S.K.: 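Before anything else, here's the structure in question.
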Amino acid sequence: MSLINSKEAAPAHTVVVLDFETTGLSPNQGDRAIEIGAVKLENGVVVDRFQGLMNPGFRVSPFIENYTGISNRMLADAASCDEVMNEFANFIQGCNLVAHNASFDKRFLDGELALIQREYDGDFACSLLVSRRLTQEASSHKLGDLVAYHQIENDGVFHRALADAEVTASLWLVLLETLEREHGIVNPSFELMMKIGKTPKASIANFLKKNR
DNA sequence: TGCCAGGCCCTCTTTAGGGCCTT
């Protein structure tokens with residue numbers, strides 16, 4: 001686990017962009033987190049990072065080993081989910097959160113924090129939902145496809161938590177820039193980004209005009 | 001025995017079905 005400078009309370013405008021690697025798709029079916037990666041953004045600048053492998057207490061499937069590159073051998077030496085998630089709960093304190101397909105990451109965040117009786121106080125926004133509204137011409141809104149579409153700088157690593165969190169943060173900044181460049185909305189609030197994600201696609205143009 | 005996620009969103013919709021997206 002790597003952790004940098006996370007002890008101070010975050011300013012209200014701080015956003016944590018996070019990504020989980022997990023044993024499967026559903027915590028309700030017994031799946032657990034095996035890696036968390038996150039970057040902390042302040043005014044569009046990365047000021048902190050968090051990355052931690054965690055041992056779920058059982059072997060992961062060959063599919064997950066191949067998909068993520070995270071092996072059972074790597075997890076055998078990792079800290080427990082409890083230990084890592086406790087540190088991560090400290091990291092996100094006072095921050096709003098962003099993830100690509102946030103409903104997925106939120107389920108695992110809620111599930112893992114419930115197991116250690118921790119909570120978070122931020123709101124969760126989804127880069128996938130915002131992307132579907134602001135770049136409707138994109139043929140796919142998979143994270144990797146959007147990275148290529150927007151020519152976002154990357155190190156070629158995908159399906160690892162910190163690498164995916166890094167490019168999701170870059171995507172989030174691209175979406176903020178798109179709002180300013182194409183819709184005249186400068187420095188949109190986190191609350192506005194959440195509303196954009198929840199606004200029906202059919203009425204998004206009018207919504208953006210009203211919020212200039 | 002066989003099945004097994006869940007939310008969003010579109011359409012040949014709303015008393016439904018299926019694709020997209022996340023691991």
Side-chain angles (χ1 to χ4, degrees), chain A residues 16-39 50-75 78 81 84-85 88 92 97-115 123-150 152 154 156-172 174-175 193-208:
Chain A
V16 169
V17 184
L18 64 93
D19 182 70
F20 277 105
E21 304 305 318
T22 70
T23 64
L25 292 172
S26 176
N28 290 336
Q29 299 291 319
D31 287 317
R32 297 292 302 272
I34 57 174
E35 188 180 40
I36 178 69
V39 299
F50 188 104
Q51 186 274 331
L53 282 172
M54 51 191 125
N55 188 331
F58 55 89
R59 292 181 64 81
V60 303
S61 69
F63 171 82
I64 292 298
E65 286 190 308
N66 290 331
Y67 187 80
T68 64
I70 299 170
S71 68
N72 281 294
R73 177 169 293 184
M74 292 163 66
L75 294 175
C81 293
V84 175
M85 291 307 300
F88 190 63
I92 63 177
L97 307 174
V98 171
H100 199 65
N101 199 12
S103 65
F104 174 85
D105 293 278
K106 185 176 187 302
R107 281 198 300 275
F108 278 93
L109 180 64
D110 290 348
E112 293 293 345
L113 292 186
L115 290 172
D123 289 319
F124 225 130
C126 178
S127 56
L128 170 65
L129 296 182
V130 175
S131 176
R132 280 176 173 163
R133 285 154 179 78
L134 296 189
T135 50
Q136 298 189 26
E137 69 279 13
S139 59
S140 161
H141 293 273
K142 290 180 183 176
L143 181 59
D145 290 338
L146 289 172
V147 166
Y149 180 82
H150 293 292
I152 290 171
N154 67 90
V157 176
F158 289 95
H159 306 307
R160 285 299 301 267
L162 183 56
D164 282 4
E166 296 267 12
V167 292
T168 302
S170 295
L171 171 62
W172 189 248
V174 166
L175 294 170
M193 296 298 279
M194 290 186 64
K195 287 180 181 176
I196 289 171
K198 293 176 181 176
T199 299
K201 287 174 71 174
S203 56
I204 191 65
N206 284 336
F207 179 86
L208 294 173

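If you're wondering where the values come from, they're calculated on a predicted model, not measured in any experiment. Every chain is numbered from 1 and lettered A, B, ... according to where its sequence line falls, protein lines coming before strand lines.
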S.K.: Looking only at side-chain N and O atoms, does A:K142 come under 4.0 Å of OP1 or OP2 in B:dT22?
M.R.: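 For B:dT22, neither OP1 nor OP2 has a side-chain N or O of A:K142 closer than 4.0 Å.
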
S.K.: In whole Å, I'd like the distance from the CG atom of A:D105 to the P atom of B:dC8.
M.R.: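 So the two atoms are 15 Å apart, to the nearest Å.
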
S.K.: What's the gap between B:dG19 and B:dC12 when it is taken at their C1' atoms, as a whole Å value?
M.R.: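 So the two C1' atoms sit 15 Å from each other.
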
S.K.: Starting from C1' on B:dG7, measure out to CG on A:N101 and report it in whole angstrom.
M.R.: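 So the CG-C1' distance, A:N101 to B:dG7, works out to 8 Å.
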
S.K.: Could you tell me whether A:D164 contacts a base, only the sugar-phosphate backbone, or nothing, with contacts defined as non-hydrogen atoms closer than 4.0 Å?
M.R.: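 The residue A:D164 makes sugar-phosphate contact but no base contact.
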
S.K.: To the nearest Å, give me how far apart NE2 (A:H159) and C1' (B:dT23) are.
M.R.: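 Roughly 9 Å, once rounded to whole Å.
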
S.K.: Heavy atoms under 4.0 Å, any strand shown: does A:L143 hit a base, just sugar-phosphate, or nothing?
M.R.: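 If one applies the 4.0 Å heavy-atom cut-off, A:L143 turns out to touch the sugar-phosphate alone, with no base involved.
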
S.K.: Do any side-chain nitrogens or oxygens of A:S140 fall under 4.0 Å of OP1 or OP2 in B:dC21?
M.R.: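 Yes.
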
S.K.: Nearest-Å distance, CG (A:L128) to C1' (B:dC20)?
M.R.: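 Roughly 8 Å, once rounded to whole Å.
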
S.K.: Could you give the distance from OG (A:S71) to CD1 (A:I64), rounded to the nearest 0.5 Å?
M.R.: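 Spacing of OG (A:S71) from CD1 (A:I64) equals 13.0 Å.
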
S.K.: For A:E21, what residues pass the salt bridge (Lys or Arg N to Asp or Glu O under 4.0 Å) criterion, not counting sequence neighbours?
M.R.: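 Once residues adjacent in sequence are excluded, A:E21 has no partner under the salt bridge (Lys or Arg N to Asp or Glu O under 4.0 Å) criterion.
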
S.K.: Expressed as a whole number of Å, how far does the C1' atom of B:dT14 sit from that of B:dG18?
M.R.: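 The answer is 15 Å between these two C1' atoms.
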
S.K.: Please report, rounded to the nearest Å, how far the P atom of B:dC10 is from the CD atom of A:Q136.
M.R.: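 Going from A:Q136 (CD) to B:dC10 (P), I get 8 Å.
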
S.K.: For A:S139 and A:S103, take the nucleotide of DNA chain B holding the closest heavy atom to each; which residue's nucleotide lies nearer the 5' end?
M.R.: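 Per heavy-atom nearest nucleotide, the more 5' residue is A:S103.
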
S.K.: Which pairs, with at least one residue in residues 104-113 of chain A and sequence neighbours excluded, count as a salt bridge (Lys or Arg N to Asp or Glu O under 4.0 Å)?
M.R.: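 Matches after skipping sequence neighbours: A:R32-A:E112, A:K106-A:D110.
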
S.K.: For A:H159, what residues pass the ring-ring contact (aromatic ring centres under 6.0 Å, His included) criterion, not counting sequence neighbours?
M.R.: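 Partners of A:H159 by the ring-ring contact (aromatic ring centres under 6.0 Å, His included) criterion, ordered by chain and then number, come out as A:Y67.
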
S.K.: Quantified in whole Å, what is the P atom distance between nucleotide B:dG7 and nucleotide B:dC3?
M.R.: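 Their P atoms lie roughly 23 Å apart.
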
S.K.: Any non-hydrogen side-chain atom of A:F50 less than 4.5 Å from a side-chain atom of A:V84?
M.R.: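 Sidechains of A:V84 and A:F50: in contact.
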
S.K.: In whole Å, what separates the P atom of B:dC8 from that of B:dG2?
M.R.: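 It works out to 34 Å between them.
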
S.K.: Please state how far atom CG in A:D31 lies from atom P in B:dT23, giving the value in whole angstrom units.
M.R.: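 Rounded to whole Å, this separation is 13 Å.
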
S.K.: In whole angstrom, give me the gap between the C1' atoms of B:dT1 and B:dA16.
M.R.: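 Here B:dT1 and B:dA16 have their C1' atoms 27 Å from each other.
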
S.K.: Out of B:dC20, B:dG6, B:dT23, which has the shortest distance to the side chain of A:R132?
M.R.: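 Given the options B:dC20, B:dG6, B:dT23, the side chain of A:R132 is closest to B:dC20.
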
S.K.: How close or far is atom C1' of B:dC8 from atom NZ of A:K195, stated in whole angstroms?
M.R.: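 About 20 Å, once rounded to whole Å.
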
S.K.: Quick test of your reading: applying salt bridge (Lys or Arg N to Asp or Glu O under 4.0 Å), list the pairs with at least one residue in residues 193-205 of chain A, sequence neighbours left out, ordered by first then second residue.
M.R.: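 Non-adjacent pairs meeting salt bridge (Lys or Arg N to Asp or Glu O under 4.0 Å): zero.
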
S.K.: Expressed in angstrom and rounded to an integer, what is the separation of A:L146 atom CG from B:dT22 atom P?
M.R.: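 Nearest whole value for this atom pair: 8 Å.
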
S.K.: Within a strict 4.5 Å, meaning less than it, do heavy atoms of the A:W172 and A:V130 side chains meet?
M.R.: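 The answer is yes; the side chains approach within 4.5 Å.
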
S.K.: For residues 135-144 of chain A, pull every pair meeting side-chain hydrogen bond (donor to acceptor under 3.5 Å, both in side chains), keeping only residues two or more places apart or in separate chains.
M.R.: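 Counting only pairs at least two positions apart or across chains, the side-chain hydrogen bond (donor to acceptor under 3.5 Å, both in side chains) contacts touching residues 135-144 of chain A are A:S131-A:T135, A:S131-A:H141, A:E137-A:Y149, A:S140-A:D145.
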
S.K.: Specify the residues of residues 17-24 of chain A, ordered by number, for which at least one heavy atom lies under 4.0 angstrom from an atom of DNA chain B.
M.R.: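 Heavy-atom cutoff 4.0 Å gives A:D19, A:F20, A:E21, A:T22, A:G24.
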
S.K.: Roughly how many Å apart are B:dT15 and B:dC20, using the C1' atom of each and rounding to a whole number?
M.R.: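 Rounded to whole Å, the distance is 25 Å.
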
